[in-house]
Amino acid sequence: MTKIRAAITGVGAYLPEYRLTNDELSRMVDTSDEWIMQRIGIKERRILKEEGRAASFLGTEAVKELLQKTGTSADEIDLLICATITPDMPFPATANIIADKAGLHHAWSFDLNAACSGFIFALTTATQFIESGRYHKVIVVGAEKMSAITNYKDRTTCPLFGDAGTAVLLEPADEDVGVIDFINYANGMGRHYLHMKAGGSLLPASCETVKNNNHFIYQEGQTVFKYAVTGMADVTVEMMEKHHLSADDITWLVPHQANMRIIEATARRIGLDKNKVMVNIQKYGNTTAATIPLCLWEYEKQLRKGDQIILVAFGAGFTWGSVFLKWAYNGEMFA
Ligand code: UT7
């Protein structure tokens, strides 16, 4: 019996309109456009400003676009997995809320928390349901309102993050396309260097936790940077060696967009020309679980059926991983 493969058959996204520029940030904290461009490579990021709108709003808008452009009815969706670290609320799952708002009446749904590796982990989870033969249409959402957990008085973290919603449709592939392999890792020792201290069962919200800024991202930047550079490059090389791929065999590398220097180091390590690396960090910053699908969405028109693509991410946990896939359609069909 031939194995069923799962293929991405469409990508949707939603970006809030508000652009937080480096110049505006420079008026909020002691930083500059020059420092941010040199050390991170971000020019601006989108921020969801409207009151009452959260990650589910971003995810729902992305799902609606995805259903519309792929001509899929909401009732056809079997399962929705939402990768997020900025859920609307601790429970219920943001995936449940998105499914309700987007009218997915026949889908069950759950959230997955793997921070910046969230999309890779959710995609590889969703792939298993398609490969089992029991599921035919699964949506993977990456939706983050990072501005809700970013401290705009902390110059070491506030330039990094942005908000976005993304969604991809996964279906069984009937040709030689789709997800071929994945390699995922997690190491909980990374929790010391990148986390949010309060709001969980360890340190529930109190006046004290609010006063101490414990509901914001805490990051030891340099340490995370070192692990990220090694982790992203190592898992990309591991995937290439496993499948006997040279840089010439790769049509696109789609790296998590955390820092331009990490992206460049990964590409350099595998000897890949920068024209083959998807980059949009300058426009959106680090949107955590949304960066990789946001790249696929932006570059979609350039993608061709059969393109050999490696997705790679590293994030809090630590979590990291890569996916090797063959693209399933000519992107210009959605032009
Ligand atoms: O996606 C999840 C994983 N996260 C990541 O991959 C992020 C990994 N880390 C990074 O990208 C980088 O570590 C940062 C961008 C966060 C920081 O860059 P860095 O080159 O590692 O800077 P640093 O922390 O070593 O700080 C260097 C200097 C310090 O000043 P002193 O102590 O040398 O006087 C900082 O206070 O830069 C200062 N600094 C800033 N200066 C201007 C830190 N942030 C800023 C800022 N503007 N925004």
Side-chain angles (χ1 to χ4, degrees), residues 20-45 83-86 113-121 142-147 149-164 166 184-196 216-236 254-267 269 278-282 284-295 311-322:
L20 176 58
T21 62
N22 288 348
D23 289 338
E24 187 177 350
L25 272 177
S26 309
R27 294 192 291 273
M28 296 157 73
V29 289
D30 181 14
T31 190
S32 64
D33 177 57
E34 194 192 359
W35 192 94
I36 298 171
M37 283 306 288
Q38 260 177 24
R39 307 305 294 170
I40 318 173
I42 300 173
K43 201 75 189 163
E44 60 183 35
R45 52 306 271 148
T84 188
I85 55 162
T86 50
N113 175 337
C116 294
S117 307
F119 180 74
I120 298 248
F121 280 28
E144 303 282 11
K145 187 179 170 184
M146 294 302 293
S147 59
I149 60 166
T150 299
N151 181 356
Y152 290 97
K153 290 184 176 149
D154 173 12
R155 71 172 184 172
T156 69
T157 53
C158 74
L160 294 165
F161 300 99
D163 303 337
T166 55
N184 287 343
Y185 291 106
N187 186 341
M189 71 77 199
R191 70 189 181 282
H192 301 296
Y193 312 111
L194 182 51
H195 57 253
M196 190 166 97
F216 293 125
I217 298 156
Y218 170 86
Q219 175 169 247
E220 293 180 26
Q222 274 187 19
T223 308
V224 176
F225 185 92
K226 280 180 205 144
Y227 279 103
V229 166
T230 313
M232 294 259 292
D234 282 355
V235 78
T236 308
V254 192
H256 170 53
Q257 313 278 304
N259 187 314
M260 197 57 210
R261 288 182 290 143
I262 301 175
I263 296 171
E264 283 167 357
T266 308
R269 172 88 177 273
M278 291 191 192
V279 176
N280 60 16
I281 187 174
Q282 67 285 359
Y284 310 124
N286 182 351
T287 56
T288 305
T291 59
I292 289 175
L294 200 53
C295 281
L311 318 177
V312 62
F314 185 95
F318 293 134
T319 53
W320 65 109
S322 66

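Both ligands and their constituent atoms are indexed starting at 1 by order of listing. Keep in mind it's a predicted model, so treat the numbers as computed, not measured.
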Atom pairs, nitrogen or oxygen, ligand 1 to protein, under 3.5 angstrom:
residue, atom, partner, partner atom, Å
ligand 1, 1 (O), His256, NE2, 3.0
ligand 1, 1 (O), Asn286, ND2, 2.9
ligand 1, 4 (N), Gln219, OE1, 3.1
ligand 1, 9 (N), Gly221, O, 3.1
ligand 1, 11 (O), Asn259, ND2, 2.8
ligand 1, 13 (O), Gly221, O, 3.1
ligand 1, 20 (O), Arg39, NE, 3.0
ligand 1, 20 (O), Arg39, NH2, 2.8
ligand 1, 20 (O), Arg261, NH2, 3.0
ligand 1, 25 (O), Gln222, NE2, 2.5
ligand 1, 36 (O), Arg155, NH2, 2.9
ligand 1, 41 (N), Trp35, NE1, 3.4
ligand 1, 41 (N), Arg155, NH1, 3.4
ligand 1, 47 (N), Thr31, OG1, 2.7
ligand 1, 48 (N), Thr31, OG1, 3.0
ligand 1, 48 (N), Arg155, O, 2.8

Review point. Which residues satisfy the ring-ring contact (aromatic ring centres under 6.0 Å, His included) test with Phe318, sequence neighbours excluded?
Key: Tyr227, Phe314

Point to revise | Check: Trp35 main-chain N/O paired with Ser32 side-chain donor or acceptor under 3.5 Å | key: yes

Check your understanding: Please walk me through it: do Lys43 and Asp33 pass salt bridge (Lys or Arg N to Asp or Glu O under 4.0 Å)?
Key -> CA-CA 7 Å; Lys43 201 75 189 163; Asp33 177 57; 2.9 Å; yes

Review point. Tyr218: what forms a side chain to side chain donor-acceptor pair (under 3.5 Å) with it, not counting sequence neighbours?
Key: Glu220

Review point. Do the side-chain N and O atoms of Glu144 and Thr86 include a donor-acceptor pair separated by under 3.5 angstrom?
Key: yes

**Study point:** With Tyr152 via ring-ring contact (aromatic ring centres under 6.0 Å, His included) - residues at least two apart
**Key:** none

